[in-house]
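Predicted model, so just to flag it, every value in this text is computed and none were measured.
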Amino acid sequence: MIIDAHAHIMTSLRGMTGRGPTRSLTWGRARWGGETIQLLPPFSEATAFPAEALLAQMDWAGVERAVLLQGPFYGEANAYLASAVAKWPDRFIGAFAPDPLAPAARQLYRQCVEEYGLRVLKLELTEPTGLTGRYPDLRLDAPAFSWLFEAALRDGLVVTFDLGGIGGRAYQTDALAAIAERYPDLPLVIAHLAQPPLSDSDNRQLNEKWTAQMQLGQKANVHFDLSALPAYLPVYDEYPYAAAHEYIQRAAELIGAEKIMWGTDAPGLLTSGSYRQLLNYVKRHCDFLSAQEMADVLGLNALRVYWRAGV
């Protein structure tokens, strides 16, 4: 079984970030604040990536399931994700991404869990697009967040974090360690393999900080996904992204392959390579993984974490 542990769907961009709003234009282009970016390949006039588009990509690559995450860049789409999960319950599990400090946060939490049936809580901490851009002094382990983690534990959710780049305000390794220890039965996932310094791989300080965050995976309830690694390479679109293999191997040696889940971060990563390439750079080129380790990374770990008993 192959599972994409980190994907997104959208009918149009309607997000809000520290750089300003995001809005769909045409032919894969989007407006991000005052800048026009090429978000998707120019494969259709509408800059959109609905559930049907993701399913077509998955079927083309032989991927059975996907975790549908959210974030401020794409904009809130709780009802849409819930409808996709309800329509294809054997293919998708869905997340919501609240602002835990917003006045209506508890009401939104209840709606997403009880009405929409979303089973993953995504916390986007990054400065450009997430909570630390809105709240510069935010600390994940602050008392103001306790209600959220306690509710997630009570309701049997998985909590997925995007902690941003090394050295940023969101890269709170110590805070996440405290949360993992305080809630040992709460499954935690750190996205993007803790954003290894692929473009500055000789930087000792960055590597030490990355290693420290990766070592959180030695805790029983902490896992990582591999999504978006090609985005951090010096040469963004050079398949098979050989520089990423070193960090995947180092991660497997540090915490074991059973703690790592393959993911794409589609659709944004489709400007780096095709969906099949985003799978095959691991499936065909990480030959340091045994057959069992490869099966774990490509799907069995995500099945165990996100589709565990009772979810």
Apply the test side-chain contact (heavy atoms from CB on, under 4.5 Å) to residues Thr129 and Glu124: give CA-CA distance (whole Å), side-chain angles for both, the deciding distance (0.1 Å), then the verdict. CA-CA 7 Å; Thr129 62; Glu124 182 93 17; 3.1 Å; yes

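- Counting only heavy atoms from C-beta outward, the side chains of Ile248 and Tyr241 never approach each other to under 4.5 Å.
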Would you check, one step at a time, whether the test side-chain contact (heavy atoms from CB on, under 4.5 Å) holds for Asp225 with Leu193? CA-CA 6 Å; Asp225 75 43; Leu193 201 66; over 6 Å; no

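- Of the candidates Tyr171, Tyr247, Tyr232, Trp210 forms a ring pair (Phe, Tyr, Trp, His ring centres under 6.0 Å) with just one, namely Tyr247.
- With a 6.0 Å radius and a threshold of 12 heavy atoms from other residues, nucleotides or ligands, Gln205 has its CD atom at or below the threshold.
- Judged purely by atom type and a 3.5 angstrom limit, Gln111 has no side-chain atom pairing as donor or acceptor with the backbone of Leu108.
- Between the side chain of Glu293 and the backbone N or O of Ala257 there is no donor-acceptor pair closer than 3.5 Å.
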For Tyr109 and Leu157, run side-chain contact (heavy atoms from CB on, under 4.5 Å): C-alpha distance rounded to whole Å, both residues' side-chain angles, the deciding distance at 0.1 Å, then the answer. CA-CA 11 Å; Tyr109 176 95; Leu157 306 187; 3.4 Å; yes

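- Using a 4.5 Å cut-off on side-chain heavy atoms (C-beta onward), Lys283 and Ile2 make contact.
- The aromatic rings of Phe149 and Phe145 sit parallel to each other, their planes meeting at less than 30°, with 60° as the upper class boundary.
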Could you give me the CA-CA distance, side-chain angles and deciding distance for Val189 and Met261, then say whether side-chain contact (heavy atoms from CB on, under 4.5 Å) is met? CA-CA 9 Å; Val189 178; Met261 298 176 281; 3.6 Å; yes

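- The shortest side-chain heavy-atom distance between Leu289 and Gln292 does not fall under the 4.5 Å cut-off.
- Atom CZ of Arg284 has 12 or fewer heavy atoms from other residues, nucleotides or ligands within 6.0 Å.
- Using a distance-only test at 3.5 Å, with no hydrogens or angles considered, a donor-acceptor pair links the side chain of Gln172 to the main chain of Leu140.
- With respect to the salt-bridge test (charged N to carboxylate O, under 4.0 angstrom), the residues Asp174 and Arg139 qualify.
- Side chain to side chain, His285 and Asn280 fail the donor-acceptor criterion of an N or O pair below 3.5 Å.
- Of the inter-residue distances, the one linking Leu270 atom CG with Tyr275 atom OH reads 9.0 Å to the nearest 0.5 angstrom.
- In this structure, Phe96 and Tyr116 have side chains that are not in contact, with every pair of non-hydrogen atoms separated by 4.5 Å or more.
- Less than 6.0 angstrom separates the ring centroid of Phe73 from the ring centroid of Trp32.
- Tracing side-chain contacts under 4.5 Å through hydrophobic residues (I, L, V, M, F, W, Y), one reaches Ile179 starting from Trp147; they form part of the same cluster.
- For Asp59 and Arg91, the salt-bridge test passes: some basic side-chain N is under 4.0 Å from an acidic carboxylate O.
- Closest approach of Arg304 and Arg308 over heavy atoms only: O-CB, 3.1 Å.
- Ring-plane geometry between Phe49 and Phe43 is classed as tilted, the angle between the planes lying from 30 to 60 degrees on a 0 to 90 degree scale.
- The residues Glu35 and Arg31 are annotated as not salt-bridged, no charged nitrogen and carboxylate oxygen being separated by less than 4.0 angstrom.
- Remark: aromatic rings of Phe224 and His6 are distant, center separation not under 6.0 Å.
- Side-chain atoms of Ser272 and Tyr281, non-hydrogen and from C-beta on, never get closer than 4.5 Å to each other.
- Looking only at side-chain heavy atoms (C-beta outward), Lys259 and Asn301 stay at 4.5 Å or farther from each other.
- In this structure, the side chains of Leu68 and Leu54 come closer than 4.5 Å at one or more pairs of heavy atoms.
- Using a 4.0 Å cut-off between a side-chain N of Lys or Arg and a carboxylate O of Asp or Glu, Glu150 and Arg154 do not qualify as a salt bridge.
- More than 12 heavy-atom neighbours from other residues, nucleotides or ligands sit within 6.0 angstrom of CD on Glu52.
- With Leu269 as the partner, the side-chain contact (heavy atoms from CB on, under 4.5 Å) test is satisfied by one option alone out of Leu229, Leu278, Thr264: Leu278.
- Ion pairing of Arg65 with Asp4 is absent here, as no side-chain N (NZ or NE/NH1/NH2) approaches a carboxylate O to less than 4.0 Å.
- Between His192 and Phe161 the shortest side-chain heavy-atom distance does not fall below 4.5 Å.
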